[in-house]
Novice: 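Mind looking over this structure? Questions follow.
In what follows, chains carry the letters A, B, and so on, assigned in the order in which the sequence lines appear, proteins first and then strands, with residues in each chain numbered from 1.
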Amino acid sequence: MAPSPTGFLHVGTARAALYNWLYARHNGGTFIVRIDDTDLERSTTEFEEEILGSFRWLGLEWDEGVEVGGPHGSYRQSDRIDHYAELARGLVESGHAYYDDRSAEQLEELRQRAQSEGKHPGHYIRRPEVGAGSGVIRLSIPSNDPVEFDDLVRGHLSFAPGDIDDFVILRSNGTPTYHLASTVDDVEYEITHVARGEDLLPSTPKHILLTRALGGAEPIYAHLPLLFGTDGKKLSKRHGATALTEYRQQGFLPSAMFNYLAILGWSPDGETTIFSREEAVEKFDLVNVSKNPAAFDPEKLAWMNGEYIRAMDTSAFASLVRPHVEAELGRALESDEWQAFTYIAPLVQERTRLLPEAGSQVRFLFEDFEAFDEQSWEKVMTKEGVADVLGEGRSAIAHLDTWDTPSVEAALRAIPEKLGIGAGKTFQPLRVAVTGSSVSPPLFESISALGQERTLERIDRALSELG
RNA sequence: GGUCCCGUCGUCCAGAGGCCUAGGACGCCGGCCUUUCAAGCCGGAAACGCCGGUUCGAAUCCGGUCGGGACUGCCA
């Protein structure tokens, strides 16, 4: 995998990395991560660290590459600038490449001409009659046979030499282009498989030709379909987050993200949607990757995240969610509060899709709400007989000696019958009184966790609000 | 404009000539459960872009057409 540190890790790149990792693991191969930072202007070490951190968060440990080392040197292209330049000059000497000092205007004219004649610029960007001794270095495209290769996901592909231009491999300032650096690295690092985005498909014949000129072995290519928004448009901010980090911050689990990214363009069979990392490794093959561009659907990701949350061990869930609860409160949890929280954690776990949601669900336990939720009040507290219900509820539990869920429940359950009303008419007002909202975790457990004193206070508060 | 890629429910995936009156998942609609919200369970609507051809038979093969996309840089 060869990310360019010019921005945060895009979900599309993350998926490409994931597929590379799966393929390597499935075949017992080596997963390599190198940094393609030939664009010195835009590359930063901050982005590099962010990207590597995201890989690790997803669980994509690499066997060789930056930070972990390996037999091939630095794994960072900016460290190898001189080496690439040397190889480029060598290609000039061997006749595979040439210096070109034509101006941007001259080149533009050639392109214009090509386009007006309905031809590829490749037909015109060719070695000039008179060689230059400076400028950029271009690879000379042999004009005989078409370049053919078998792409693991696309199948057999063929490009006519006339449609490939003599592309720049070394800039006039002596730095390599992406094409040169990545091809040299693929050769020297003995890369056997290159799985990357479909946007690089048109560059592949160039890379193959360069590989041959360098005398290297051609890797096997696999071009992955691109990712889109659910509206079929290029994935952008408009569709939500495009950076993996944002999902991490929003409370998505790495396991869910892993599963979702994997399912976006591949599946182990026609039925399974949720599967473990191990199952994916066992069944993954690039050959089975879909050719169609996939739409990134945050809604399905959220559902999947909920599935993973529910599958978690409850104590693990509680620990994981604790920081989110504390963030919601803006303070740390006291130990008795933590205890109250772990008590209702299993109930919260069932109704959480995103970690931060858990915080708002239990907020009422640790903090007196500023006001009753307006809609909830309107819906349940303005009905006839609410005050009576609250009064009954209050006295039913006011003198309970044992304060736990079964006792609270037993006491409160007697009310509907006594008053001759439905359960809903009894418990909804109590819910609003105690939690401030008509939507909350289960009532008896909530009351039990809240404690006797505070429960009574809140009922009184609602009662006084009713007048 | 040119080169290349892609085309099954709104979305993701399955389907590699008859097992397809096209299957699974998200979402959506309805129901059950139920003190709310979830979860769970049951049911439903929803697709092979179009036209030809090959074949006894096509979602699957071929051609064309239409549509979408990528690339066309001294960015990657």
Novice: What distance, rounded to whole Å, do you find between the two C1' atoms, one in B/C51 and one in B/G27?
Specialist: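 Rounded to whole Å, the distance is 33 Å.
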Novice: So which of A/E46, A/R42, A/E41 actually passes side chain to side chain contact (heavy atoms under 4.5 Å, CB included) with A/T44?
Specialist: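 When side chain to side chain contact (heavy atoms under 4.5 Å, CB included) is applied between A/T44 and each of A/E46, A/R42, A/E41, only A/E46 qualifies.
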Novice: Among B/C74, B/C5, B/G1, which nucleotide sits nearest the side chain of A/L201?
Specialist: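 The listed nucleotide nearest to A/L201's side chain is B/C5.
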Novice: Is there a side-chain contact between A/R138 and the phosphate of B/C74, meaning an N or O under 4.0 Å from OP1 or OP2?
Specialist: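 So the side-chain polar atoms of A/R138 do come within 4.0 Å of the phosphate oxygens OP1 or OP2 of B/C74, strictly under.
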Novice: Checking contacts here: which listed nucleotide (B/C74, B/C12, B/U8) is nearest the side-chain heavy atoms of A/N292?
Specialist: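 So the nucleotide nearest the side chain must be B/U8.
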Novice: Between A/R111 and B/G73, is there a contact of a side-chain N or O with OP1 or OP2 at under 4.0 Å?
Specialist: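 Yes, within the criterion.
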Novice: When the C1' atoms of B/G40 and B/C33 are compared, how many Å lie between them, rounded to an integer?
Specialist: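 After rounding to an integer number of Å, I get 8 Å for this pair.
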Novice: Any idea which of B/C4, B/C12, B/G69 is nearest the A/F228 side chain?
Specialist: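 Output: B/G69.
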Novice: Roughly how many Å apart are B/C13 and B/G17, using the C1' atom of each and rounding to a whole number?
Specialist: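 Comparing C1' positions in B/G17 and B/C13 gives a spacing of 22 Å.
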Novice: For B/C28 versus B/G67, give the span between their P atoms, rounded off to a whole number of Å.
Specialist: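 Result for the P pair: 33 Å, nearest Å.
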Novice: Does a salt bridge link A/D165 with A/K206, judged by any charged N lying under 4.0 Å from a carboxylate O?
Specialist: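 Counted as a salt bridge, because a side-chain N and a carboxylate O are separated by less than 4.0 Å.
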Novice: How far, in whole Å, is B/A22 from B/C48 if one measures between their P atoms?
Specialist: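 One P to the other, the span is 11 Å.
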Novice: So does A/E188 pair up with A/R80, basic N to acidic O under 4.0 Å?
Specialist: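 Answer for the salt bridge query: yes.
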Novice: Is the shortest distance from a Lys or Arg side-chain nitrogen in A/K418 or A/E392 to a carboxylate oxygen in the other one below 4.0 Å?
Specialist: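 Answer for the salt bridge query: yes.
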Novice: Using purine N1 to pyrimidine N3 plus N6-O4 or O6-N4 for Watson-Crick, or N1-O2 and O6-N3 for G-U wobble, both under 3.5 Å, which nucleotide pairs with B/C19?
Specialist: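 Because no pair has both required distances under 3.5 Å, B/C19 counts as unpaired.
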Novice: Sticking with atom P, work out how far B/C6 lies from B/A14, rounded to a whole angstrom.
Specialist: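 Result for the P pair: 15 Å, nearest Å.
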Novice: Could you tell me which nucleotide pairs with B/U54 by Watson-Crick or G-U wobble geometry, both distances under 3.5 Å, or answer none if nothing does?
Specialist: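 With both distances under 3.5 Å required, B/U54 matches none.
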Novice: Count the heavy atoms of every other residue, nucleotide or ligand shown that sit under 6.0 Å from NZ of A/K425, and state whether that count exceeds 12.
Specialist: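 For A/K425, atom NZ is not crowded (no more than 12 foreign heavy atoms under 6.0 Å).
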Novice: Where along nucleotides 21-39 of chain B does protein come under 4.0 Å, by heavy atom, of base (B) or sugar-phosphate alone (S), with - for untouched nucleotides?
Specialist: --BSBSS-------BBBBS
Novice: Classify the side-chain pair A/Y23/A/D285 by whether it contains a donor and acceptor separated by less than 3.5 Å.
Specialist: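 Short answer, no.
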Novice: For atom CD of A/Q375, decide whether the heavy atoms of other residues, nucleotides or ligands shown that lie under 6.0 angstrom number more than 12.
Specialist: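 No, not enclosed.
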Novice: Tell me whether the OP1 or OP2 atom of B/C12 has a side-chain N or O from A/S290 closer than 4.0 Å.
Specialist: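 No, outside the criterion.
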